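Below is one structure, written out as structure tokens; the observations come after it.
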Amino acid sequence: MYAAVDLGSNSFRLHVGKHDGEAIRVVKSMREPIRLAAGLDASGNLTEAAMQSALACLRSFRAALALYRLDAVRVVATSAMRVARNADAFLPACEQALGYPIEIISGEEEGRLIYMGVANALATPGERRLVLDIGGGSTELILGRGLEIERVESFSVGTVKQSLSFFIGGRIDAGSFEAAILSARSHFEDAAPPYHPQHWRTAYGSSGTIRAIGEVVERNGFGDGITPAALDAVKRRFIELGHVSRIDMPGLKADRAATVIGGLAILIALLAELGIERLVPVEAGLRMGVMWDLYARSMQRDRREESVRLLGEKFHVDQARASRVANESAALYAMLKPAGDAYARLLYWSAQLHEIGMVVSHTGYHKHAAYMIENADLPGFTAREQKAMARLIVGQKGNLRKIADSLAEPDFAKAVLALRLAILLMHARIEADFGELKLRMKNRIELDIKRDWVAHHPTVSYWIEKEQEWWDEVGVDFSVRASA
């Protein structure tokens, strides 16, 4: 059983689902209209009121999750948390309230998860399709065939900001709608050509906003499905009503009215720019994608493995060297007996990519590699995971002052030590027998090595002395003993 929690810019949502044959069946669903994006002040910080509302919701989600025996839980935060200046300071309180770690995912990763949810819900395995998702703070466009994603982009335009910016005080008129539509079109016009109809067979809309607009069209007789003509009819009806408070239509929940007007403007803009004649709403998206991703990981099909492999190939990593460092760093890390497994896989992947910076320059390649890892679009990885890998990679050589603060975390310090020693062994061309090596790290580092290492590999003594100096600079004693 899996749980997906989506901390969106408009609503916080929770799904608990169970894999059943070829589908994931949702057994519990919760939604709270937190309006997090509306809680950003003029400086880009979440207000105290917005944060308290979010924490109250997360505590209720925690109580709901506690009722189930869950195999895995994944919590993702999207646009509002991506842009909030105080998100990093607020995140620990959120995690404490919910009881699970929270990942602030990129717009591209959000798009991939959305597509994964949609693709697994459709019984059209080889279909070329376009998926649109209009969220509270961002809009995602994803092009794919079957389960494979070919192109994904995220745009910083969403229902909350569009509603607040153009329909001031909830007033609706023709001029405001036209301005909101033109503003939305400006976000998509340059990016539109790859998403034109010749590149797909069917266009799907996955967000709650799109499904709500589809319900309004169907239940109020505005047309046959989501088409430009039907959307124009909905727009004209909203203008007739003149104010958000007067919107009371079958198919539209009262708490959606305030933001659906901005979503409608964005949807009209998308259909116009992309040349979509009909959009099909689908009851799947981010949360289903998160649960399918958890299921795939449980079946040893982790997208992060593929991301690391593709990045290594792209930047011509020497696979033999990378694999050796990865395997040896993993063995050394296990020897150090970390308290948990949070860094085990991140260390392995970091080791596989530790030399990608050489594509930029051999001088300072570890710094180039760290920058590339932290800022690359790596499907399956969260920003937090990429930052942790970047810290490991920048700490692979040279002084440790640049990561001194992070070394206060014991398991991270052990991962750094394992990576540095694995690279040292590789450079010195030592085929280590790990049964003959002893390595400990608690308050100090203790390394026992074979004396013939030094005799047959002259540079070893130099590099170990340097390691002792670099660890000493950050307050860690490093003792080495050579035995027969």
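Position 1 is the first residue of the sequence, and the numbers go up from there. In this text, all values refer to a predicted model and were calculated from it rather than measured experimentally.
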Exercise for the section: Evaluate the criterion side chain to side chain donor-acceptor pair (under 3.5 Å) for residue pair Ser9 and Arg82; output intermediate values, then yes/no. Expected result: CA-CA 10 Å; Ser9 302; Arg82 284 197 291 268; over 6 Å; no
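- Taking every heavy atom of both residues into account, Ala418 and Leu347 meet most closely at CB-CD2, 4.2 Å.
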Problem - Residue pair Tyr115, Ser206: steps toward the side chain to side chain donor-acceptor pair (under 3.5 Å) verdict - result: CA-CA 9 Å; Tyr115 187 88; Ser206 67; over 6 Å; no
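- Residues Arg278 and Thr227 bring no donor and acceptor atom of their side chains to less than 3.5 Å of each other.
- The ring-ring contact (aromatic ring centres under 6.0 Å, His included) check on His19 picks up Trp292, Tyr295, with sequence neighbours excluded.
- With sequence neighbours left out, the ring-ring contact (aromatic ring centres under 6.0 Å, His included) criterion links Tyr195 to no other residue.
- The distance from atom OG1 of Thr259 to atom CZ of Phe167, rounded to the nearest 0.5 Å, is 11.5 Å.
- Distance alone, capped at 3.5 Å, places no donor-acceptor pair between the Asp411 side chain and the Tyr343 backbone.
- For residues 45-54, the side-chain hydrogen bond (donor to acceptor under 3.5 Å, both in side chains) pairs, not counting sequence neighbours, are Glu48-Gln52.
- For the residue pair Ser207/Asp133, the side-chain donor-acceptor check at 3.5 Å is not satisfied.
- Formation of a donor-acceptor pair under 3.5 Å by the Asp41 side chain with backbone atoms of Gly44 is found in this model.
- The shortest distance between side-chain heavy atoms of Thr159 and Val260 does not fall below 4.5 Å.
- Residues Leu279 and Ile210 have side chains in contact (heavy-atom distance under 4.5 Å, counting atoms from C-beta outward).
- Looking at every heavy atom in both residues, Ala415 comes nearest to Leu392 through CB-CD2, 3.7 Å.
- Looking at Arg246, its side chain does come within 3.5 Å of a backbone N or O of Leu241 through a donor-acceptor pair.
- Using modelled atom types and a 3.5 Å distance limit, the side chains of Tyr100 and Arg74 yield no donor-acceptor pair.
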Contacts table for residues 58-73: side-chain donor-acceptor under 3.5 angstrom, sequence neighbours left out:
| unit_1 | atom_1 | unit_2 | atom_2 | d |
| --- | --- | --- | --- | --- |
| Ser60 | OG | Cys57 | O | 2.6 |
| Arg62 | NH1 | Gln96 | O | 2.7 |
| Asp71 | OD2 | Met1 | N | 2.3 |

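- Considering only heavy atoms from C-beta on, Val16 stays 4.5 Å or farther from Tyr2 through its side chain.
- Looking only at side-chain heavy atoms (C-beta outward), Ile104 and Arg384 stay at 4.5 Å or farther from each other.
- Test Asp6, Val5, Leu286 against Arg13 for side-chain contact (heavy atoms from CB on, under 4.5 Å) and you get one pass: Asp6.
- Between the Ser79 side chain and the Gly137 main chain, a donor and an acceptor come within less than 3.5 Å of each other.
- Residues Ile261 and Ile172 have side chains in contact (heavy-atom distance under 4.5 Å, counting atoms from C-beta outward).
- Remark: the backbone N or O of Ser176 is paired with a side-chain donor or acceptor of Asp173 at under 3.5 angstrom.
- Legend: residues meeting ring-ring contact (aromatic ring centres under 6.0 Å, His included) with Tyr365, ordered by chain and number and at least two apart, are absent.
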Exercise for the section: Evaluate side chain to side chain donor-acceptor pair (under 3.5 Å) for Ser406 paired with Arg391, printing each intermediate quantity in order. Expected result: CA-CA 8 Å; Ser406 299; Arg391 292 200 312 272; 3.1 Å; yes
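- With sequence neighbours excluded, the residues that form a salt bridge (Lys or Arg N to Asp or Glu O under 4.0 Å) with Arg309 are Glu306, Glu313.
- The environment of Glu148 atom CD is sparse: at most 12 non-hydrogen atoms of other residues, nucleotides or ligands sit within 6.0 angstrom.
- A donor-acceptor pair shorter than 3.5 Å can be found between the side chains of Arg31 and Ser11.
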Exercise for the section: Apply side chain to side chain contact (heavy atoms under 4.5 Å, CB included) to Ile114 and Val131, showing your working. Expected result: CA-CA 8 Å; Ile114 288 165; Val131 177; 4.0 Å; yes
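- Considering every non-hydrogen atom in both Leu346 and Ala388, the closest pair reads CD1-CB, 4.0 Å.
- For Glu32, there are no salt bridge (Lys or Arg N to Asp or Glu O under 4.0 Å) partners two or more places apart in sequence or in a different chain.
- Judged by distance alone, the side chain of Thr139 and the main-chain N or O of Val157 form a donor-acceptor pair under 3.5 Å.
- Phe222 is linked by a ring-ring contact (aromatic ring centres under 6.0 Å, His included) to nothing, counting only residues two or more places apart in sequence or in another chain.
- Panel note: side chain Ser163, backbone Gly262; a donor-acceptor pair is recorded below 3.5 Å.
- The main-chain N or O of Lys337 is found under 3.5 Å from a side-chain atom of Lys414 such that the two form a donor-acceptor pair.
- For Arg303, the salt bridge (Lys or Arg N to Asp or Glu O under 4.0 Å) partners at least two apart in sequence or on another chain are Glu109, Asp293.
- The backbone N or O of Ala192 lies less than 3.5 Å from no partner atom in the side chain of Glu273, so there is not a single donor-acceptor pair.
- Evaluation of the side chain to side chain contact (heavy atoms under 4.5 Å, CB included) rule for Ala4 yields Arg287, Val290, Met291 as partners, not counting sequence neighbours.
- Looking only at atom types and distance, the side chain of Glu140 has a donor-acceptor partner in the side chain of Ser154 under 3.5 Å away.
- The shortest side-chain heavy-atom distance between Glu385 and Thr382 falls under the 4.5 Å cut-off.
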Practice task
Go through Glu305 and Arg345 one step at a time and tell me if the salt bridge (Lys or Arg N to Asp or Glu O under 4.0 Å) criterion holds.
Solution key: CA-CA 10 Å; Glu305 295 280 0; Arg345 301 190 78 182; 3.2 Å; yes
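- Within the 4.5 Å cutoff, no side-chain heavy atoms of Ile268 are placed close to those of Asp232.
- When all heavy atoms of Met441 and Ala413 are compared, the closest pair comes out as CE-CB, 3.7 Å.
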Problem - Pair Lys387-Phe381, side chain to side chain contact (heavy atoms under 4.5 Å, CB included): steps then yes or no - result: CA-CA 10 Å; Lys387 286 180 181 178; Phe381 283 95; over 6 Å; no
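- Contacts classified as side-chain hydrogen bond (donor to acceptor under 3.5 Å, both in side chains) and involving residues 367-379 (residues at least two apart or in different chains) are given here: Arg112-Asp377.
- Ala38 and Val160 get closest at one heavy-atom pair: N-CG1, 3.6 Å.
- Heavy-atom neighbours of Lys161 NZ from other residues, nucleotides or ligands within 6.0 Å: at or below the threshold of 12.
- A 4.5 Å side-chain heavy-atom check between His366 and Lys402 finds at least one atom pair inside the cut-off.
- Of all heavy-atom pairs between Tyr333 and Gly340, the closest is OH-O, 4.3 Å.
- For Glu473, the salt bridge (Lys or Arg N to Asp or Glu O under 4.0 Å) partners are Arg401, not counting sequence neighbours.
- Remark: side-chain polar atoms of His243 are paired, donor with acceptor, to backbone N or O of Gly169 under 3.5 angstrom.
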